[in-house]
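Remember, it's a predicted structure, so these values are computed and weren't measured experimentally.
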Amino acid sequence: MADCLFCGIVDGKIKANLVYQDERLVAFKDINPQAPVHILIIPRKHVAGVLDVETSDGALIGEIFQVAARLACEQGIAESGFRIVVNSGANAGQSVFHLHYHLLGGRRMAWPPG
């Protein structure tokens, strides 16, 4: 999608602090971190949001969680705990309409969120 910020990162047209990439996913540090570790994990394929995930995307979603676990270990937050967050829609805080997962850790998280 031409006007999508995250598609620009995937295409290399917009700089990001990449921490992981493969043929289907890209992960990078959030520019406005909400925790000591705040990484966004996105599919290279443009999917606007949760409501746009198709049945054929099931393996891709599983890969996102596998990468999140790998990054949690690499970032040293696996043992102490971490959070994976997906916002769906403007009222939930989704500001970029390209499916993305926030990996957050390195501090105590409050409950309930928001």
Novice: Looking at Phe97 and Gly89, what are the two nearest heavy atoms and their distance?
Specialist: CE2-CA, 4.2 Å
Novice: State yes or no: do Val50 and Ile64 share one hydrophobic cluster built from I, L, V, M, F, W and Y residues joined by side-chain heavy-atom distances below 4.5 Å, directly or via other members?
Specialist: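 Yes, because Val50 and Ile64 connect within a single hydrophobic cluster, where side-chain heavy atoms sit under 4.5 Å apart.
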Novice: Can Phe6 and Leu40 be said to form a side-chain contact (heavy atoms from CB on, under 4.5 Å), step by step?
Specialist: CA-CA 10 Å; Phe6 289 172; Leu40 300 179; 3.7 Å; yes
Novice: Pair Tyr101, Ile61 - check side-chain contact (heavy atoms from CB on, under 4.5 Å), show working.
Specialist: CA-CA 10 Å; Tyr101 291 68; Ile61 302 306; 3.5 Å; yes
Novice: Are Ile84 and Tyr20 linked, directly or through intermediate hydrophobic residues, by side-chain heavy-atom contacts shorter than 4.5 Å (ILVMFWY only)?
Specialist: yes
Novice: Quick check: closest heavy atoms across His46 and His98, and the distance to 0.1 Å?
Specialist: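 Distance-wise, the nearest heavy atoms are ND1-ND1, 3.1 Å.
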Novice: According to a 4.5 Å side-chain heavy-atom criterion applied to Ile, Leu, Val, Met, Phe, Trp and Tyr, with indirect links allowed, do Leu60 and Val85 form part of one hydrophobic cluster?
Specialist: no
Novice: Heavy atoms, side chains only, cut-off 4.5 Å: are Trp111 and Arg83 in contact?
Specialist: yes
Novice: Quick one: does Arg44's side chain get under 4.5 Å of Val26's, heavy atoms only?
Specialist: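 In contact.
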Novice: Show me the donor-acceptor pairs within less than 3.5 Å that the side chains of residues 65-76 make with the rest of the protein, sequence neighbours left out.
Specialist:
from  : atom 1 : to    : atom 2 : distance (Å)
Arg70 : NE     : Glu74 : OE2    : 3.0

Novice: Could you give me the CA-CA distance, side-chain angles and deciding distance for Val19 and Lys29, then say whether side-chain contact (heavy atoms from CB on, under 4.5 Å) is met?
Specialist: CA-CA 7 Å; Val19 295; Lys29 292 184 177 181; 4.0 Å; yes
Novice: For Val53 and Val47, which heavy atoms make the closest approach, and how far apart are they?
Specialist: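 Result for this residue pair: N-CG1, 4.0 Å.
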Novice: Might you point out which heavy atoms bring Leu25 and Pro43 nearest each other, and give the distance in Å?
Specialist: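 Between these two residues, the closest heavy atoms are CD2-CA, 3.8 Å.
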Novice: Show your working on side-chain contact (heavy atoms from CB on, under 4.5 Å) between Leu5 and Ile14 and close with a plain yes or no.
Specialist: CA-CA 8 Å; Leu5 172 68; Ile14 297 173; 3.6 Å; yes
Novice: Going by heavy atoms in the side chains, are Phe82 and Val37 under 4.5 Å from each other?
Specialist: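 When only atoms from C-beta onward are counted, Val37 and Phe82 do not touch, as no gap falls below 4.5 Å.
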Novice: In Å and rounded to the nearest 0.5 Å, what is the CG to CG distance from Leu99 to Asp57?
Specialist: 8.5 Å
Novice: Hey, what do you get for OG (Ser95) to NE2 (His100), rounding to the nearest 0.5 Å?
Specialist: 5.5 Å
Novice: Quick check against the 3.5 Å criterion: does Gln94 have a side-chain atom that pairs as donor or acceptor with the backbone of Val96?
Specialist: yes
Novice: Give a yes or no on this: more than 12 heavy atoms of other residues, nucleotides or ligands lie within 6.0 Å of atom CG of Asp22.
Specialist: yes
Novice: May I ask you to decide if the ring planes of His38 and His102 are parallel, tilted or perpendicular, using 30° and 60° as cut-offs?
Specialist: tilted
Novice: How far apart are the closest heavy atoms of Ala27 and Ile41, and which atoms are they?
Specialist: CB-CG1, 4.0 Å
Novice: If I compare all heavy atoms of Leu51 with all of Ser88, which pair ends up nearest, and what's the gap?
Specialist: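 What the structure gives for the nearest pair is CG-OG, 4.4 Å.
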Novice: Distance from Ile39 atom CD1 to Asn17 atom CG, nearest 0.5 Å?
Specialist: 9.0 Å
Novice: Suppose we screen for side chain to side chain donor-acceptor pair (under 3.5 Å). Which residues come up paired with Glu63, at least two apart in sequence or across chains?
Specialist: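 For Glu63 the side chain to side chain donor-acceptor pair (under 3.5 Å) partners, ignoring immediate neighbours, are Arg24.
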